[in-house]
Amino acid sequence: MTSAPTASLTRLPRTDLEVLPLNLGGNTFGWTSDRETSFAVLDAFVAAGGSFIDTADAYAAWAEGSEGGDSETVLGEWFEARGNREEIVLATKVGAKPSRTGLSAANVEAALDESLERLRTDRIDLYYAHYDDEEVSIEEQVRIADGLVRSGRVRHLGLSNFSPERMREWFEVATREGLTVPVAIQPHYNLLARAAYEKDYAPIAREFDAAVMPYFSLASGLLTGKYRTKEDLEGRARKGMVEDNLTEDALAVVDVLTEVAATHDAEPASVAIAWLLAKGTTAPIASASTPEQLPALLAGTALELSAQDVAALDEASAPFA
Ligand SMILES: NC(=O)c1ccc[n+]([C@@H]2O[C@H](COP(=O)([O-])OP(=O)(O)OC[C@H]3O[C@@H](n4cnc5c(N)ncnc54)[C@H](OP(=O)(O)O)[C@@H]3O)[C@@H](O)[C@H]2O)c1
């Protein structure tokens, strides 16, 4: 594994948190990466200057025999083994763990304490509502989340997978009531999923000065260029996440990604991340199943695309915009 040059740190708006603009995805820990491999990925990420880790209490509940909590448990063991919790900016999420669904006050209180226990820490740096809970009014959600911050167990708030209308309402209510305003949103955004973010969520992030951490930065691996046919997906853990996206339009994007990458002597995955940064996002989220996959992700943070590169990628991905 070679080390890759990386970008300088970026500050999350309205916080004192400074991070390398790559948010390491944690849904692999305890799923496609066993404990030892997870530790190796985490060690390599930190050695390269990374500090920002994204997980959720629900990860990886979809894996056979799992009830969720696996990723947080691995992370907690790693913090303890390395004694490095203070050096990490830790994001986790609430609302989707099968035994702790929803955003009611009682559920969120219990879920947070369970996350802290698994993570072997006393605070979360960035706590996201993973999904909206339409049975809980936005006023109530804002009040509950503000209480978590006031308790000292949560430093900052974030929102993921809300409708644009309910997300906007969240920011408006928190601002109007003088309660804790989220500092980040986590949208599904990449070269094959552009429309919702660009039309509906980017304006909200701009208006309320929120950081943007796009998830599925690599379209679950499709934007690394390693899947060209349905056969390439056989036996792969992410088959179900990739197969519907493996279309002619998507492969045309991968072709341009590969061409642009070649002109920079880079990997397509690096260009996919560089494009998200060129679009003004704060720290794209991508995961690595092995330490060997990491350098391409890290290199994306330092890769400067020309206006021509971005225009070519925009044009190829126009069917998704
Ligand atoms: N808020 C939400 O609702 C939400 C939803 C989804 C994800 N997320 C977050 O976003 C993170 C990223 O999502 P994701 O991991 O599903 O998708 P992703 O980042 O788009 O894809 C990552 C996967 O691509 C493959 N890969 C990465 N680097 C590679 C390389 N250099 N060469 C070849 N293959 C490479 C690996 O999978 P294989 O080794 O299996 O091929 C890796 O696990 C998650 O961990 C999670 O933190 C959030």
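Counting begins at 1 with the first residue of the sequence. Counting convention: from 1, in listed order, for ligands and their atoms alike.
- Around atom 27 (C) of ligand 1, the closest heavy atom drawn from Ala286, Ala269, Ala296, Ser287 belongs to Ser287.
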For this session: Could you check Val183 against Leu157 for side chain to side chain contact (heavy atoms under 4.5 Å, CB included), going step by step and ending with a plain yes or no?
Result: CA-CA 6 Å; Val183 300; Leu157 300 175; over 6 Å; no
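- Under a 4.0 Å criterion applied to the non-hydrogen atoms of Ser160, ligand 1 contributes the atoms 1 (N), 2 (C).
- Atom numbering of ligand 1 starts at 1 in the shown order; those under 4.0 Å from a heavy atom of Gly25 are 11 (C), 44 (C), 45 (O), 47 (O).
- Looking at Asn23, Thr290, Asn27 and measuring to atom 44 (C) of ligand 1, the nearest heavy atom belongs to Asn27.
- At a 4.0 Å cut-off, at least one heavy atom of Ser217 sits close enough to ligand 1 to count as contact.
- In summary, the side chains of Asp146 and Thr180 do present a donor paired with an acceptor at a separation below 3.5 Å, with no hydrogens or angles considered.
- Ile285 CG2, 3.3 Å is the protein heavy atom nearest to atom 10 (O) of ligand 1.
- At least one donor-acceptor pair under 3.5 Å links the side chain of Asn107 to the backbone N or O of Arg100.
- Only the side chain of His130 comes within contact range of ligand 1, with a heavy atom under 4.0 Å; no backbone atom does.
- In this model, a donor atom of one side chain and an acceptor atom of the other lie less than 3.5 Å apart for Asp34 and Thr37.
- Nearest protein heavy-atom contact of atom 17 (O) of ligand 1 is Phe216 CD2, 3.5 Å.
- Under the 4.0 angstrom criterion for non-hydrogen atoms, Met241 is not in contact with ligand 1.
- Remark: minimum distance from atom 8 (N) of ligand 1 to any protein heavy atom is reached at Tyr59 OH, 3.4 Å.
- The shortest side-chain heavy-atom distance between Phe45 and Leu298 falls under the 4.5 Å cut-off.
- Within the listing of ligand 1, atoms 17 (O), 18 (P), 20 (O), 21 (O), 24 (O) sit less than 4.0 angstrom from a heavy atom of Ser220.
- Contacts between Tyr128 and ligand 1, counted as non-hydrogen atom pairs separated by less than 4.0 Å, are absent for every part of the residue.
- The contact set between ligand 1 and Asp54, taken as ligand atoms under 4.0 Å from a residue heavy atom, comprises 9 (C), 46 (C), 47 (O).
- Scanning all protein heavy atoms for the shortest distance to atom 36 (C) of ligand 1 gives Gln293 OE1, 3.3 Å.
- In this structure, Arg206 fails the cation-pi test against Phe208, since its NZ or CZ atom is not both closer than 6.0 Å to the six-membered ring centre and inside 45 degrees of the ring normal.
- Which parts of ligand 1 touch Thr28 is read off a 4.0 Å heavy-atom cut-off, strictly below it: atoms 43 (O).
- For atom 38 (P) of ligand 1, the nearest protein heavy atom (residue, atom name, distance) is Ser289 OG, 3.5 Å.
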Exercise. Can you check side chain to side chain donor-acceptor pair (under 3.5 Å) on Ser115 and Glu72, steps first, answer last?
Worked result: CA-CA 7 Å; Ser115 281; Glu72 288 185 338; 2.9 Å; yes
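- Of all the heavy atoms of His188, none lies under 4.0 Å from any atom of ligand 1, so neither backbone nor side chain is involved.
- Proximity of Thr224 to ligand 1, defined as any heavy-atom pair under 4.0 Å, is confined to the side chain (atoms from C-beta onward).
- When heavy-atom distances to ligand 1 are checked against a 4.0 Å cut-off, Leu297 comes that close only through its side chain, counted from C-beta outward.
- For Lys226, every heavy-atom contact with ligand 1 shorter than 4.0 Å involves the side chain, none the backbone.
- In plain terms, the two heavy atoms of Thr175 and Phe171 that are nearest each other are OG1-O, 2.6 Å.
- With hydrogens and angles left out, the side-chain atoms of Asp132 and Trp170 include no donor and acceptor closer than 3.5 Å.
- Taking the ring centre of Phe79 as origin, the terminal cationic atom of Arg85 falls inside the region bounded by 6.0 Å and 45° from the ring axis.
- Contact atoms of ligand 1 toward Lys93: 1 (N) (distance under 4.0 Å to a heavy atom of the residue).
- With a 4.0 Å cut-off on non-hydrogen atoms, Arg238 touches ligand 1 through its side chain and not its backbone.
- If you number the atoms of ligand 1 from 1 as listed, the ones under 4.0 Å from a heavy atom of Gly221 come out as 21 (O), 24 (O).
- The residue Asn190 has no part lying near ligand 1, judged by heavy-atom distances below 4.0 Å.
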Exercise. Where do Asp125 and Arg123 land on the salt bridge (charged side-chain N to carboxylate O under 4.0 Å, His left out) test, with the steps shown first?
Worked result: CA-CA 6 Å; Asp125 299 306; Arg123 62 164 209 298; 3.4 Å; yes
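- Near Asn161, meaning under 4.0 Å from any of its heavy atoms, are these atoms of ligand 1: 1 (N), 2 (C), 3 (O).
- When the heavy-atom distances from atom 6 (C) of ligand 1 to Tyr131, Tyr227, Tyr215, Trp31 are ranked, the shortest goes to Tyr215.
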For this session: Mind running side chain to side chain contact (heavy atoms under 4.5 Å, CB included) on Leu179 and Arg150 for me, showing each step along the way?
Result: CA-CA 10 Å; Leu179 300 175; Arg150 282 177 203 277; 4.0 Å; yes
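- Ring centroids of Tyr189 and Trp275 are separated by less than 6.0 Å, placing the two rings close together.
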For this session: Could you check Lys93 against Tyr131 for side chain to side chain donor-acceptor pair (under 3.5 Å), going step by step and ending with a plain yes or no?
Result: CA-CA 9 Å; Lys93 313 185 193 79; Tyr131 294 88; over 6 Å; no
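- Side-chain atoms of Tyr215 and Asn161 form a donor-acceptor pair, as typed in the model, at a separation below 3.5 Å.
- Taking both residues in full, the closest heavy atoms of Ala316 and Ala252 are given as CB-O, 4.4 Å, listed atom of the first, atom of the second, then distance.
- The closest approach between any non-hydrogen atom of Arg236 and ligand 1 is below 4.0 Å.
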